[in-house]
Amino acid sequence: MLKRTVYCGQLRMEHMGQTVIVNGWVNSYRDHGNLVFIDVRDREGLVQLVFDPDIHPEAHKLARTVRCEWVLGARGMVRPRGEGLENPRLPTGKIEIIVQELEVLNQAKTPPFEIDTAAQVNEELRLQYRYIDLRRPSMLNRLAVRHRVTKITRDYFDAHGFWEIETPMLGKSTPEGARDFLVPSRLYKGHFYALPQSPQLFKQILMMANTDRYFQIVRCFRDEDPRADRQAEFTQIDVEMSFVQAEDVMRVNEGLIARIFKEILGVEVALPIRQMTYQQAIADYGIDRPDLRFEMKLKDLSDIAADSQFQVFTSVVKKGGIVKGFCAPGGGDKYSRSDIEKTLTQFVGDFGAKGLAWLKVAPKESGEGLELKSSIAKFFTDAQQQEIIGRFDASAGDLVLMVADSADVVNKALAPLRVRLGKELGLCRPDQFEFVWVVDFPLFEWNPDEKRYDSLHHPFTCPVPEDLPKLQTDPAHIRSQAYDLVVNGSEIGGGSVRIHNPEVQAKVFDLLNISRKQAEDRFGFFLRALEYGAPPHGGIAFGLDRLVMLLTQTDNIRDVIAFPKTQRGQCLLTNAPSDVDQKQLDELNLRVQKHLHQLDPES
RNA sequence: GGGGCCGUAGCUCAAUUGGUUAGAGCAUCGGACUGUCGAUCCGAAGGUUGAGGGUUCGAGCCCCUUCGGCCUCGCCA
């Protein structure tokens, strides 16, 4: 077998005159009857092979039979292509290999789609033939970036005294949080393991075990419906540290992120990364993961709305709702009335808003200054119009968009609308990265359906010390020592200082309506560990998939996972999940209820 | 669980109001060709219009059911 001496994509003028062997796949071939050219592809790139019947007739004869995606070994001499024959679009375009010996290592069927144009091909087919899709340079690059990110992560944490420690994949189910993937136990019939949603409790217990600094690049599982940026099976960079406060965790981990962005993209992240309170983020951006690449802040207009003649606004304010909006620079020129009233209104409707009010800012028809144009402008006095214009510091051609509803609905609708307009109006550059730590999250949020508090982060998050008394009196306004790292409106990581005091932990369980008995059943092992000398500790977890998405500029999580699943959780390559033999079910003491979930229509 | 978009040749798409034998580019196969690089030129083959049912003289197109993909709301401590 002809064995590689150098990667195709690495060949340059400096290799001139050397005899080399390359291994790779046929990217394309051009047969002129006499001269034959074959572009061979390996992991690092393409190189052109030349076959000349006058020089090596046997190699030439074989080369004429070769087809796309065949696997080759080729030995030959690197030579310059000569004047006018260079290909400036290829890094290897100044040279070529004149082949002396060709070996067909394997033939290939005609692929179901062309590699050059695979980016346009139906993703279903690409997932089915994942090994062909992954041959594309852009896909391989994403795998390479992912590899480099994990390599940098390991090196960084190692240099900072962290140990990488594995935690179990077969764990204990807890009803909190996302739906668990369950694994039936053969030895304990009727009992189940759960795949980890995260190694949360294990990493805290590792702190109690005096490992001091832990990290792990770890697979996590949450059985919820996927999205473009979400898979049921995903990877976290999981971190925990002892004897630290929130700032310590943030300093160490923003250092990692800065290193990654520097080494992968050459982007300098200014440290320390700025911080913003949760409250501020909600007020200005309507969301706890603000996209700071552009301004366009939300403003509360409830006061003006309440005084207006516009019934929709006044009645909402009267009922305790709010009116908020933002001003899109140039939006009045870009968006037609029908764009706003159909497309954008439907967009906010998906988030629960009952309507979208709009005002276009225009020069006054009579005299100097600005006025508002809209079907609802008549409900606002000139003074009110000027106040709205002033509040946004608006200019002619701008568009003010407003939603009136409960604060929750208003923010849920406006935040994505703001992001959409920011992108459509070209307010951010593709190479721009705006980082922010969002801090001071509330510890709890009220769950009106269950009539109890839920943890916003998770039940092990430590309250801000001065808010501890509110555990008895005012749980809704307790701040937590939690922090999320947000980039361009995407949460890439989040963590907290943990509770290390068993009494505080018990109190939190009380507020979450977890009884002492339930707490003992689910977390008894953990509560006990807290009683045997738990150090103050805290940590964070980053979503590796989303991080790599940012670094490779894709909005499809499947692009950064070698073998991803579809939106219905299927692996189209292997056809998992599948039914299993009756024997396997018998061993597990399981019976499938076919009348509920008929898997096989034949039966 | 809800909403939206989509499914026609191997791939990407087209096909007038429901009307002749469902077309094109690329890929494939055969032939020609000495410097190409999205090679070029000539020719050929390639279809259960996702599946099933219905309406109709006639269905890729209309109706019903169903399968699958993507996006999204809910969900994701």
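Lettering follows sequence order; numbering is per chain, from 1.
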Practice item. Report yes or no: does Gln505(A) contribute a side-chain atom to a donor-acceptor pair with the main-chain N or O of Pro459(A) at less than 3.5 Å? Key: yes
Check your understanding: With a non-hydrogen cut-off below 4.0 angstrom, is Thr174(A) in contact with a base, only sugar-phosphate, or nothing?
Key -> nothing
Exercise for review: Select base, sugar-phosphate, or nothing to describe what Asp116(A) touches, counting heavy atoms under 4.0 Å on all strands.
Suggested key: nothing
Study note, to complete from the structure: Considering only heavy side-chain atoms of Leu125(A), the closest of rU36(B), rU72(B), rC11(B) is rC11(B)
Practice item. Ignoring hydrogens and angles, answer whether the base of rC37(B) and the side-chain atoms of Arg81(A) contain a donor-acceptor pair closer than 3.5 Å. Key: yes
Check your understanding: Of the nucleotides rG74(B), rA27(B), rU34(B), which one has an atom closest to the side chain of Asp225(A)?
Key -> rG74(B)
Practice item. Give Gln197(A) one of three labels, base, sugar-phosphate or nothing, depending on what nucleic acid heavy atoms sit under 4.0 Å from its own. Key: nothing
**Study point:** Selection from rG30(B), rG35(B), rG69(B) that lies nearest to any side-chain heavy atom of Glu124(A)
**Key:** rG69(B)
**Study point:** Nearest listed nucleotide, side chain of Arg568(A), among rA27(B), rG69(B), rC71(B)
**Key:** rG69(B)
Check your understanding: Touch check for Asp350(A), heavy atoms < 4.0 angstrom, all strands: base, sugar-phosphate only, or nothing?
Key -> sugar-phosphate
Check your understanding: Could one point to a donor on the side chain of Arg227(A) or the base of rG74(B) with an acceptor on the other under 3.5 Å away?
Key -> yes
**Study point:** Per-pair stack call Phe37(A) and rU36(B), 5.5 Å, 30°
**Key:** yes
Check your understanding: Within the structure shown, what part of the strands sits under 4.0 Å from Glu69(A) by heavy-atom distance: base, sugar-phosphate, or nothing?
Key -> nothing
**Study point:** Side-chain-base donor-acceptor pair under 3.5 Å for Arg230(A) and rC76(B)
**Key:** yes
**Study point:** Candidates rC11(B), rG35(B), rC37(B) - which lies nearest the side chain of Asn87(A)
**Key:** rC37(B)
Check your understanding: Which part of the nucleic acid does Pro459(A) contact within heavy-atom distance under 4.0 Å: base, sugar-phosphate only, or nothing?
Key -> base
Exercise for review: Could you check whether Arg179(A) gets within reach of a base, just the sugar-phosphate, or nothing at all, counting any heavy atom under 4.0 Å?
Suggested key: nothing
**Study point:** Gap between atoms CZ and C1', on Arg558(A) and rG69(B) respectively (whole Å)
**Key:** 9 Å
Exercise for review: Look at all strands and tell whether Arg41(A) reaches a base, only sugar-phosphate, or nothing, counting heavy atoms closer than 4.0 Å.
Suggested key: nothing
Check your understanding: Quick one: the side chain of Glu114(A) and the base of rU12(B), do they pair up donor-acceptor inside 3.5 Å?
Key -> no
**Study point:** No-hydrogen, no-angle side-chain donor-acceptor test under 3.5 Å, Thr167(A) and Gln216(A)
**Key:** yes
Exercise for review: Identify which nucleotide among rU28(B), rG35(B), rC70(B) has an atom closest to any side-chain atom of Arg79(A), counting heavy atoms from C-beta outward.
Suggested key: rG35(B)
Practice item. Counting heavy atoms from C-beta on, name the nucleotide in rC11(B), rU34(B), rC73(B) closest to the side chain of His32(A). Key: rU34(B)
Check your understanding: Can you tell me the Watson-Crick or wobble partner of rG7(B), both distances under 3.5 angstrom?
Key -> rC67(B)
Exercise for review: Using a heavy-atom cut-off of under 4.0 Å over every strand shown, decide if Leu512(A) touches base, sugar-phosphate, or nothing.
Suggested key: nothing
Review point. What nucleotide, of rC76(B), rA39(B), rC33(B), holds the atom closest to the side chain of Glu224(A)?
Key: rC76(B)
Review point. Where the side chain of Gln231(A) meets the backbone of Pro226(A), is there a donor-acceptor pair that is under 3.5 Å apart?
Key: no
